[in-house]
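Beneath this line is the structure, given in structure tokens, with notes to follow.
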Amino acid sequence: MSDTTRLSLFQAARVVARRDFHAILFSRAFFFFLLGPLFPLIIGSLAGGIGGQVQREAVTNLVALSMSAEDSAAMISANRALAPQVGYALPQFIEDNSGDPPAEILKKQGANYAAVISGTLAAPRVTAPEDQIERWKGPVGLIAATAAGSSPSTFPGVDADPVATSAAAARTDRIRTAQAGQLLLFLLMMLLAGMVLSNLVEEKANKVIEVLAAAIPMDAVFLGKLFAMLGVSFVGIAVWAGFGGLVGMIAGEQLPQLPEPALGWPLFISFGIAYFAMGYLLLGSLFLTIGGMAATVREVQTLSMPVTMMQLLVFFLAASAITRPGSALELAAATFPLSSPFAMLARAAQSEALWPHTLALAWQGLCVVLFVRFGALLFKRRVMKSGKGGRAKKAARDAATAS
């Protein structure tokens, strides 16, 4: 009886998965891997804070008034009267009595004026770049009309009739949740799927993969490694989720709140876990095939670049279909295996139907099996350069040599 008949495919895959899972989970490198995402988060938070501060300082509402004293006072008074009704759309006026031309006032160092208002109340003039003219033309006209008394001096009270939501608001909210879910899914997959590459390259270098291939089917080796890496990924996600939950408890309501998806949070999170698993297995099977073809880490980096770029493209495909549910683009994104997890997670945020998810998960599972079979076959033919008969002949030669 040959070695390949001692264990079934799934039993052999379970042995490989358990071996790889324990080897990775209890290594020192895994601890540093868990700390890895903290550095981009810290740098991203700092960059976001600095970028927000720069943006706030770059956008100014300061507008200089280069008019007569009476007109300037009337403009300022009208601005204050309109503030309760219009608010943030109004400029912040500063009088400039230098008598310089408006173009020269705009060039003053340290003044930081967005525009200069000159002329009279009947004919105000805005001096500014083209985009700023479009920004301030309407508010300045309203303020000048109010100052001249040609606009209403009193405004009717507006009765409020609030409702919980509307169809348009619900759609917009669910699109936000769909985008957030897709982005998180993409980041996790790209961060975690790369582990599959280096693992197989290392085992090729130290000949471990040859021992495994001689003992069990190559399909079982690939399946076992994929599920081991998936298990390790879930451990990493659980650690990061626990840390994120702790931060959320400390921050409380200061963190942004995502609107509830169409299926509700429990089902949405469940589908998110399922689609992450399927997406990881699909992408991991491709990476595993690439790792099997590569002889060095440099070759891995070279060969994985097209797959990474393709994954970006399919992510953009799924992201562009969010606002068009049921369209040909959305159906194509949901059908193509690599983009299907992203598209279906977005659908879970926007639609209450359950049957499309059952169909999509079955299709993705079938694609995982096909990808693994193809990768294992390619590995045997291109790398091992033998099948079952080749291993039997090699074993016979080794036995003859030993005798």
Side chain to side chain contact (heavy atoms under 4.5 Å, CB included) against [X], all qualifying residues, sequence neighbours excluded:
X    : result
L184 : L188
L345 : L185, F268, Y275
A274 : L361
I133 : V126, A128

Donor-acceptor contact present, side-chain [X] to main-chain [Y], <3.5 Å:
X    : Y    : value
Q179 : A319 : no
S285 : L282 : yes
S77  : A73  : no
N79  : P91  : yes

With a 4.5 Å limit on heavy-atom distance, are the side chains of [X] and [Y] in contact?
X    : Y    : result
K108 : D100 : yes
I117 : W136 : no
L366 : F371 : no
L121 : M67  : yes
P261 : R174 : no
S66  : I105 : yes
I237 : F276 : yes
K107 : Y113 : no

According to side chain to side chain donor-acceptor pair (under 3.5 Å), does anything in residues 323-349 pair up with another residue at least two apart or in another chain? List the pairs.
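Applying side chain to side chain donor-acceptor pair (under 3.5 Å) to every pair that reaches into residues 323-349, excluding sequence neighbours, yields E330-R347, S340-Q364.
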
Quick check: closest heavy atoms across [X] and [Y], and the distance to 0.1 Å?
X    : Y    : result
L263 : L267 : O-CB, 3.6 Å
P129 : A114 : CD-O, 4.1 Å
L283 : L338 : N-CD2, 4.4 Å
A144 : P124 : CB-CG, 3.9 Å

Determine, stepwise, if the pair V16 / K225 fulfils side-chain contact (heavy atoms from CB on, under 4.5 Å).
CA-CA 6 Å; V16 175; K225 288 187 172 297; 4.0 Å; yes

Please lay out, stage by stage, how I143 and L82 fare under the test side-chain contact (heavy atoms from CB on, under 4.5 Å).
CA-CA 8 Å; I143 295 171; L82 290 170; 4.0 Å; yes

Quick check for you: to the nearest 0.5 Å, what is the distance between R80 atom CZ and L90 atom CG?
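Those atoms lie 12.5 Å apart.
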
Nearest-0.5 Å distance that lies between atom CG in D20 and atom CE in M229
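So the CG of D20 and the CE of M229 are separated by 6.0 Å.
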
Determine, step by step, whether F234 and I273 satisfy the side-chain contact (heavy atoms from CB on, under 4.5 Å) criterion, reporting the C-alpha distance in whole Å, the side-chain angles of both residues, the deciding distance to 0.1 Å, and the verdict.
CA-CA 9 Å; F234 277 130; I273 294 172; 3.8 Å; yes

Report the C-alpha distance between T120 and R125 in whole Å, list the side-chain angles of each, state the deciding distance to 0.1 Å, and finish with yes or no for side-chain contact (heavy atoms from CB on, under 4.5 Å).
CA-CA 8 Å; T120 63; R125 178 181 294 274; over 6 Å; no

Does K137 have any side chain to side chain donor-acceptor pair (under 3.5 Å) partners at least two apart in sequence or in another chain, and if so, which?
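Not a single residue meets the side chain to side chain donor-acceptor pair (under 3.5 Å) criterion with K137.
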
